[in-house]
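Indexing begins at 1, ligand by ligand and atom by atom, following the structure's order. Because the structure is predicted, anything quoted here is derived from the model rather than measured.
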Amino acid sequence: MDEFDIIARYFAPLAKDPGALGLIDDAAFIPPRPGFDLVITTDQIAADTDFFAHDPPGTVAKKALRVNLSDLAAKGARPEYYLLNLALPRSVREDWLAAFAKGLAEDQQEFGVSLLGGDTSAIEGPLSIAITAFGFVPQGRMVKRSGAKAGDAVYVTGTIGDSAGGLAIFKREKHQLRDAQRDYLTRRYQVPEPQVAFGANLSGLASAAVDISDGLVADLGHLAEASNVKIELDAEAIPRSDALRALWGDGSDAILRAATAGDDYQIAFTAPRAHATKIREAAAQAQTQVTHIGHVATGEGINLSRSGRRIAIPNSGYRHF
Ligand code: ADP
Ligand code: MG
């Protein structure tokens, strides 16, 4: 199979939008949409860094796509299209590609997105997948990192640290979890659950937002810096799943570990206190957990405290270099 066979057999069926031209042209087109801004993001994941080379291909596909959908959700955008750049080891097998494409097809269905194009090449090195995703937001309403104001409340969607717990289990950290708890955590590492439905309502509610990929504390630190404010977090309020609490317990070290681990793909955001009721309603409508975890103050940086006592935060956040 050469790359043209791969494209025709596995990827052209995913390119349902007329602008994709069935993946037989040099480029695709998206007609402008009056009243909306196009929001664009890209993220790359590589074997041995972001997933295990032996992971099921369908989960690898979903992770590659979902980390991008999560960025769009955090900006208040509704995702619609994506481009797929594949750098494949020459040894890749056709059944791997078939299962990979099937994973994408399932997520296209689940999230309402479709493939616009991409590039396929062979490399001497670990498999790498770069996706660029496109979404729309009402004009001028993309939720930035920079809008937080002193007095705003700080919220986070979902639960924090599950993916890190799953990774710890894959790395053979000792545990006494029930099978269902173990599977829940490892699944969260392999397949994030981006908050696409809730994100689509964010632009009227949030003053600032950030996708959590490097860790809650690190990413809220980026938001605080962009907004020129300080963020005070209540450690006990940080939402953690029963499975994660069974894995690591409830000590401050466990909370800190969850809040600094990363790969959560949840949305952390700030909002004026007057929006509290609307936020609860939007969360219920999207069937999403949204938790109030702190507040914005004047100053800079992030404080994490538990029952009034400060928890020291070591240099946090995943860094590639
Ligand atoms: P070029 O020679 O300009 O790189 P290609 O032959 O790579 O063009 O691409 C031909 C068509 O196939 C284009 O529409 C491109 O977007 C699409 N395509 C190539 N690889 C992929 C992929 N991995 N996923 C989706 N579409 C792809
Ligand atoms: Mg190409």
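A salt bridge does not link Arg306 with Asp250: every distance from a Lys NZ or Arg NE/NH1/NH2 to an Asp or Glu carboxylate oxygen is 4.0 Å or more.
At least one N or O atom of Gly118 sits closer than 3.5 Å to an N or O atom of ligand 1.
Taking the six-membered ring for Trp and thresholds of 30 and 60 degrees, Phe198 and Phe269 have ring planes inclined between 30 and 60 degrees apart.
Atoms of ligand 1 found under 4.0 Å from any heavy atom of Ile7, numbered from 1 in the order shown, are 12 (O), 18 (N), 19 (C), 20 (N). Close contacts of ligand 1 with Leu23, meaning ligand atoms under 4.0 Å from a residue heavy atom, involve 11 (C), 12 (O), 14 (O), 25 (C), 26 (N). Near Gly117, the atoms of ligand 1 lying under 4.0 angstrom from a non-hydrogen atom of the residue are 16 (O), 24 (N), 25 (C), 26 (N), 27 (C). If you number the atoms of ligand 1 from 1 as listed, the ones under 4.0 Å from a heavy atom of Phe4 come out as 6 (O).
Of the possible donor and acceptor atoms, one in the side chain of Thr270 sits under 3.5 Å from a partner among the backbone N and O of Ala208.
Within 6.0 Å of CD1 on Ile24 lie no more than 12 heavy atoms contributed by other residues, nucleotides or ligands.
A side-chain donor from one of Thr157 and Gln266 sits under 3.5 Å from a side-chain acceptor of the other.
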Exercise for review: Give the C-alpha distance, both sets of side-chain angles, the deciding distance and a yes or no for side-chain contact (heavy atoms from CB on, under 4.5 Å) between Val296 and Lys149.
Suggested key: CA-CA 6 Å; Val296 180; Lys149 297 271 180 303; 5.8 Å; no
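The residue from Asn85, Leu97, Thr120, Leu115 that puts a heavy atom closest to atom 20 (N) of ligand 1 is Thr120. Distances from atom 10 (C) of ligand 1 to the heavy atoms of Ile24, Asp25, Asp26, Leu84 show the closest one on Asp25.
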